[in-house]
Amino acid sequence: MTAPLLSIAGLHSFYGRVEALKGVDLEIHAGEIVALIGANGAGKSTLLMSICGRPRAQAGNITLDGTDITRLETFHIVRCGIAHAPEGRRIFARMSVLENLRIGATVSDPAYYAEDLDRVFTLFPRLAERRTQRAGTMSGGEQQMLAIGRALMGRPRLLLLDEPSLGLAPLIVRQIFSVIKEINEQQKVTVFLVEQNAYHALKLAHRGYVMQTGKITLTGTGAELLANPEVRAAYLEGAV
């Protein structure tokens with residue numbers, strides 16, 4: 001098997017004196033969609049933020065395509081090819097859709113700007129329709145589209161998505177997951193997906209990890225975890 005695109009070994013991260021990540025080991029190979037599921041407070045979002053350098057890992061290593069990025073500043077990590085669409089979207093509400101997308105493009109070659117903008121508008125036609133609209137006046141689903149589109153404008157090799165379905169109607173959730181599949185299959189972007197909707201996440205993912213209280217407790221293919229009795233009892237009751 002080829003070397004992983006992202007390798008995390010023995011990762012420990014803290015918020016003050018509180019240890020949020022307790023020796024996390026995880027690998028993501030190029031071309032995969034990998035899901036990370038777990039309860040609120042398990043450390044899922046902290047793991048994504050630690051990959052991006054905030055909070056800084058206190059022990060362990062994060063390696064991207066053979067390069068140790070553990071101690072790099074966030075800006076340099078983004079330049080290496082990692083983009084993060086955080087929980088809660090965190091778009092620039094007073095700026096237009098187009099201005100938000102331009103900000104996402106600041107880390108990539110300007111020569112690709114028009115091509116990348118067209119790609120995002122093809123994925124999300126609603127954003128094209130609303131390109132001059134203030135981002136904060138759009139619906140939650142449209143804002144989530146913008147958060148993903150802004151991340152894609154940086155031409156990432158690895159896309160980190162934190163709770164993309166949070167607070168969205170079921171129809172919009174299905175649209176978002178369909179786009180994530182398209183980003184992976186057609187645009188060849190590797191995806192690391194943190195998601196409380198475990199059913200949709202594991203159905204989409206090639207592989208998955210389960211996190212509890214800062215530790216990885218289970219791993220397997222998406223299908224294996226969907227069939228696992230512990231996972232079903234804890235995260236899939238009533239899933240449709």
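Remember, predicted model here, so these are calculated numbers, not experimental data. Heavy-atom basis, side chains included; hydrogens, waters and symmetry copies ignored.
- Taking all atoms of both residues into account, the shortest heavy-atom contact from N184 to G31 is ND2-O, 3.1 Å.
- Separation of atoms NZ (K44) and CG (L193) is listed at 11.0 Å; rounding is to 0.5 Å.
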Practice problem: Would you sort out whether M49 and H84 count as a side chain to side chain contact (heavy atoms under 4.5 Å, CB included), showing the intermediate values? | Solution: CA-CA 8 Å; M49 292 188 290; H84 183 200; 4.0 Å; yes
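- Nearest heavy atom pair, residue Y235 against residue A198, reads CB-CB, 3.8 Å.
- Grouping the Ile, Leu, Val, Met, Phe, Trp and Tyr side chains by contacts below 4.5 angstrom, directly or via other members, places L161 with M145.
- In the hydrophobic cluster analysis, where Ile, Leu, Val, Met, Phe, Trp and Tyr join through side-chain heavy atoms closer than 4.5 angstrom, L158 is grouped apart from L204.
- Annotation: E230, atom CD; neighbour count of heavy atoms from other residues, nucleotides and ligands within 6.0 Å does not exceed 12.
- The distance from the OH atom of Y209 to the CD1 atom of I28 is 7.0 Å, given to the nearest 0.5 Å.
- Within 6.0 Å of CZ on R54 lie no more than 12 heavy atoms contributed by other residues, nucleotides or ligands.
- In terms of hydrophobic clustering, with Ile, Leu, Val, Met, Phe, Trp and Tyr side chains grouped at heavy-atom distances under 4.5 Å, I51 and L159 are assigned to different clusters.
- Open room surrounds CZ on R134; 12 or fewer heavy atoms of other groups in view lie less than 6.0 Å from it.
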Practice problem: List the steps and the verdict of salt bridge (charged side-chain N to carboxylate O under 4.0 Å, His left out) for E99 and R150. | Solution: CA-CA 10 Å; E99 287 168 335; R150 183 179 63 188; over 6 Å; no
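- Side-chain atoms of T70 and D68 form a donor-acceptor pair, as typed in the model, at a separation below 3.5 Å.
- I183 and I172 fall within the same hydrophobic cluster, defined by Ile, Leu, Val, Met, Phe, Trp and Tyr side-chain heavy atoms under 4.5 Å apart, directly or through other members.
- Looking at Y113 and M153, their side chains come closer than 4.5 Å, going by heavy atoms from C-beta outward.
- Rounding to the nearest 0.5 Å gives a distance of 9.0 Å between CG of L127 and CD of E129.
- With respect to C80, the side chain to side chain contact (heavy atoms under 4.5 Å, CB included) criterion is satisfied by exactly one of T67, L72, V107: L72.
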Practice problem: Would you check, one step at a time, whether the test side chain to side chain contact (heavy atoms under 4.5 Å, CB included) holds for L47 with L26? | Solution: CA-CA 10 Å; L47 178 57; L26 183 147; 4.0 Å; yes
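- Donor-acceptor pairing under 3.5 Å is lacking for the side chains of S13 and T46.
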Self-check item: Stepwise side chain to side chain contact (heavy atoms under 4.5 Å, CB included) check, L202 with V231
Solution: CA-CA 11 Å; L202 294 176; V231 173; 4.1 Å; yes
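- Counting heavy atoms from C-beta outward, E163 and V194 have side chains that approach closer than 4.5 Å.
- E32 has its side chain out of reach of L5: every pair of non-hydrogen atoms, C-beta onward, lies at least 4.5 Å apart.
- Around the CZ atom of R126, the shell of radius 6.0 Å holds no more than 12 heavy atoms that belong to other residues, nucleotides or ligands.
- A continuous path of hydrophobic side-chain contacts links F177 to V179 [ILVMFWY only; heavy atoms under 4.5 Å].
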Practice problem: Could you walk me through whether E142 and V97 pass side chain to side chain contact (heavy atoms under 4.5 Å, CB included), step by step? | Solution: CA-CA 10 Å; E142 291 165 345; V97 167; over 6 Å; no
